[in-house]
S.K.: 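Quick one: the structure is below, and I'll ask about it shortly.
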Amino acid sequence: FPSVSGPTNACIGDAVTHKVSNADTGAIYEWYKKVTDPTPFYRGTTLVRNNITATDTVYVRGNNHNCVTGLREVILNVNTYPNSLSGLNDSICSGSKANLKGFTNIGAIEWFESAGSSTLLYSGPVYQTPVLTRDTFFFIQANNLGCVKGPRIKVSALVGANFAPSSPTISKDTTICLASTSVLQLNATAGSGLTIRWFDAASGGSSITTGPVFYFSPTKREVKTFYADAFNGVCGSTREPVVVTVEDYPRISKIITDTICKGDSAHVSFALDFGEANWYDAPSSGNLLHNGTQYTSAPTSNT
């Protein structure tokens with residue numbers, strides 16, 4: 001039975017090589033597009049696939065004078081290269097942290113100290129730097145499951161001469177339910193004489209309100225990040241984030257019941273707009289029977 005070496009993930013336009021790693025002398029290795037194909041599209045121990053365009057599966061078997069092995073499935077997942085990459089600088093006062101942003105159409109933003117560094121600092125759209133006292137530069141690339149958009153571009157933390165105040169203490173990240181929370185109160189505290197400013201952006205822009213309390217009224221399922229800094233009239237501190245995850249109760253619809261004869265299987269189901277479906281044998285507490293929107297059982301009485 002053949003073993004195959006080679007990548008399981010590739011990028012559009014790549015050339016990929018699969019090789020039978022335990023090839024027997026004298027055996028012919030046959031490659032098929034489908035398990036039902038009558039003849040192979042290629043024979044050999046090494047299959048080279050140029051200019052890959054989409055996720056694909058092929059099958060290979062060994063044939064030694066009509067003594068054949070089973071088919072080995074070879075799955076290749078093909079991903080898209082990001083086609084856009086940009087960054088947003090941040091201007092801060094000395095002694096605070098910068099919130100730098102990266103943007104891409106697909107994949108994750110990866111942050112590095114230099115254009116040639118192999119050490120990943122962070123993966124995500126907003127990178128909060130260490131405390132800085134001088135202009136500092138970072139570099140980003142976009143990575144979609146191994147398909148990297150290059151070259152890396154520079155994102156700058158520009159540090160002014162004035163010294164920033166200490167950052168505020170802010171509410172912890174929280175999850176709320178839309179149906180039961182009409183207004184969420186977020187809090188921040190800072191040193192004497194400092195003004196708390198609230199933002200809906202990691203850097204730049206104008207504050208959306210000021211003061212130690214910020215009220216957020218959720219209107220939909222989403223993840224929102226708010227930021228608060230302490231302002232002394234000249235400099236703002238590090239903008240500290242708080243992440244609010246807004247969830248909701250899922251809605252059940254299209255309930256389908258079943259009528260059966262004793263001994264038959266019953267198939268019941270319903271539709272769920274999001275979330276997870278759990279089936280129980282009692283209106284409260286009880287035993288968990290099944291996960292998923294469809295449930296099959298063999299009841300012996302009305303159930």
Side-chain angles (χ1 to χ4, degrees), residues 85-104 108-109 111 121-140 153-249:
L85 178 64
S86 61
L88 181 64
N89 301 333
D90 193 10
S91 297
I92 60 173
C93 291
S94 181
S96 67
K97 302 174 184 179
N99 290 323
L100 305 177
K101 296 191 72 174
F103 306 89
T104 183
I109 299 293
W111 298 81
L121 294 176
Y122 180 72
S123 179
V126 179
Y127 173 53
Q128 187 174 83
T129 71
V131 171
L132 301 176
T133 57
R134 58 182 175 82
D135 291 352
T136 309
F137 311 106
F138 300 88
F139 293 81
I140 60 172
I153 66 172
K154 182 169 68 174
V155 186
S156 303
L158 306 174
V159 182
N162 294 309
F163 204 78
S166 298
S167 57
T169 301
I170 193 171
S171 296
K172 295 183 180 299
D173 296 347
T174 187
T175 299
I176 59 175
C177 191
L178 183 62
S180 58
T181 305
S182 58
V183 178
L184 173 68
Q185 178 177 313
L186 300 175
N187 301 290
T189 57
S192 176
L194 298 174
T195 300
I196 298 291
R197 303 185 300 182
W198 294 86
F199 300 84
D200 57 7
S203 61
S206 302
S207 62
I208 53 178
T209 190
T210 59
V213 179
F214 170 57
Y215 296 100
F216 169 57
S217 299
T219 58
K220 61 181 179 180
R221 292 177 68 232
E222 61 179 336
V223 178
K224 293 280 290 184
T225 303
F226 297 102
Y227 301 83
D229 76 358
F231 184 63
N232 62 11
V234 177
C235 283
S237 70
T238 301
R239 290 189 190 180
E240 297 294 350
V242 55
V243 180
V244 179
T245 302
V246 182
E247 275 296 353
D248 199 5
Y249 299 114

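For clarity, every value in this text was computed on a predicted model and none was experimentally measured.
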S.K.: Quick check for you: to the nearest 0.5 Å, what is the distance between L158 atom CG and N89 atom CG?
M.R.: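 Nearest 0.5 Å value for the CG-CG distance: 5.5 Å.
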S.K.: Are any non-hydrogen side-chain atoms of T133 and V159 less than 4.5 angstrom apart?
M.R.: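 When only atoms from C-beta onward are counted, V159 and T133 do not touch, as no gap falls below 4.5 Å.
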S.K.: Knowing that exactly one of S96, S94, C235 qualifies, which makes a side-chain contact (heavy atoms from CB on, under 4.5 Å) with F163?
M.R.: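 Per the side-chain contact (heavy atoms from CB on, under 4.5 Å) rule, the option paired with F163 is S94, out of S96, S94, C235.
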S.K.: Do T129 side-chain atoms and A98 backbone N/O form a donor-acceptor pair below 3.5 Å?
M.R.: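 Yes; judged by distance alone, with no hydrogens or angles, the pair exists.
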S.K.: With a 4.5 Å limit on heavy-atom distance, are the side chains of T210 and I196 in contact?
M.R.: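 No, side chains not in contact.
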S.K.: Would the distance check show the side chain of S171 and the main-chain N or O of L186 forming a donor-acceptor pair, the cut-off being under 3.5 Å?
M.R.: no
S.K.: Which pair of non-hydrogen atoms, one from P241 and one from I170, has the smallest distance, and what is that distance?
M.R.: O-CG2, 4.0 Å
S.K.: Inspect the surroundings of CZ in F137 and state if more than 12 heavy atoms from other residues, nucleotides or ligands are less than 6.0 Å away.
M.R.: yes
S.K.: Using 0.5 Å steps for rounding, measure from the CD1 atom of I92 to the CG atom of D135.
M.R.: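 That separation rounds to 9.0 Å.
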S.K.: State, to 0.1 Å, how close R239 and F199 come at their nearest heavy-atom pair, and which atoms those are.
M.R.: NH2-CE2, 3.2 Å
S.K.: With sequence neighbours excluded, what pairs up with E240 under the salt bridge (charged side-chain N to carboxylate O under 4.0 Å, His left out) test?
M.R.: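 Expected list: none.
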S.K.: With a 4.5 Å heavy-atom cut-off, do L100 and Y122 have their side chains touching?
M.R.: no
S.K.: Looking only at non-hydrogen atoms, find the nearest pair between P168 and A228 and report the distance.
M.R.: CG-O, 3.6 Å
S.K.: For G87 and I153, which heavy atoms make the closest approach, and how far apart are they?
M.R.: N-CD1, 3.7 Å
S.K.: Below 4.5 Å, heavy atoms only, C-beta onward: do Y127 and I109 meet side chain to side chain?
M.R.: no
S.K.: Is the shortest side-chain heavy-atom distance between S167 and K97 below 4.5 Å?
M.R.: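 No - every pair of side-chain heavy atoms lies 4.5 Å or more apart.
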S.K.: To check you understand the geometry: which heavy-atom pair defines the closest contact between V213 and Q185, and what is its length?
M.R.: CG1-CG, 3.5 Å
S.K.: Given 3.5 Å as the limit, does a donor-acceptor pair link the side chain of D200 with the main chain of F226, or not?
M.R.: no
S.K.: Between V244 and V223, is a side-chain contact (heavy atoms from CB on, under 4.5 Å) present by the stated rule, with each step listed?
M.R.: CA-CA 6 Å; V244 179; V223 178; over 6 Å; no
S.K.: Enumerate the side-chain hydrogen bond (donor to acceptor under 3.5 Å, both in side chains) contacts for residues 211-236, please, sequence neighbours excluded, ordered by first and then second residue.
M.R.: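 Residue pairs passing side-chain hydrogen bond (donor to acceptor under 3.5 Å, both in side chains), neighbours aside: R197-D229, R221-E247.
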S.K.: Any side-chain heavy atom of D173 sitting closer than 4.5 Å to one from T245?
M.R.: no
S.K.: Check for a donor-acceptor pair, side chain of D90 on one end and backbone N or O of N99 on the other, with a separation under 3.5 Å.
M.R.: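 Checking the backbone N and O of N99 against the side chain of D90, a donor-acceptor pair under 3.5 Å is found.
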S.K.: Indicate the atoms forming the closest heavy-atom contact of S237 with A164, along with that distance.
M.R.: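 Smallest interatomic distance, heavy atoms only, reads CA-CB, 4.3 Å.
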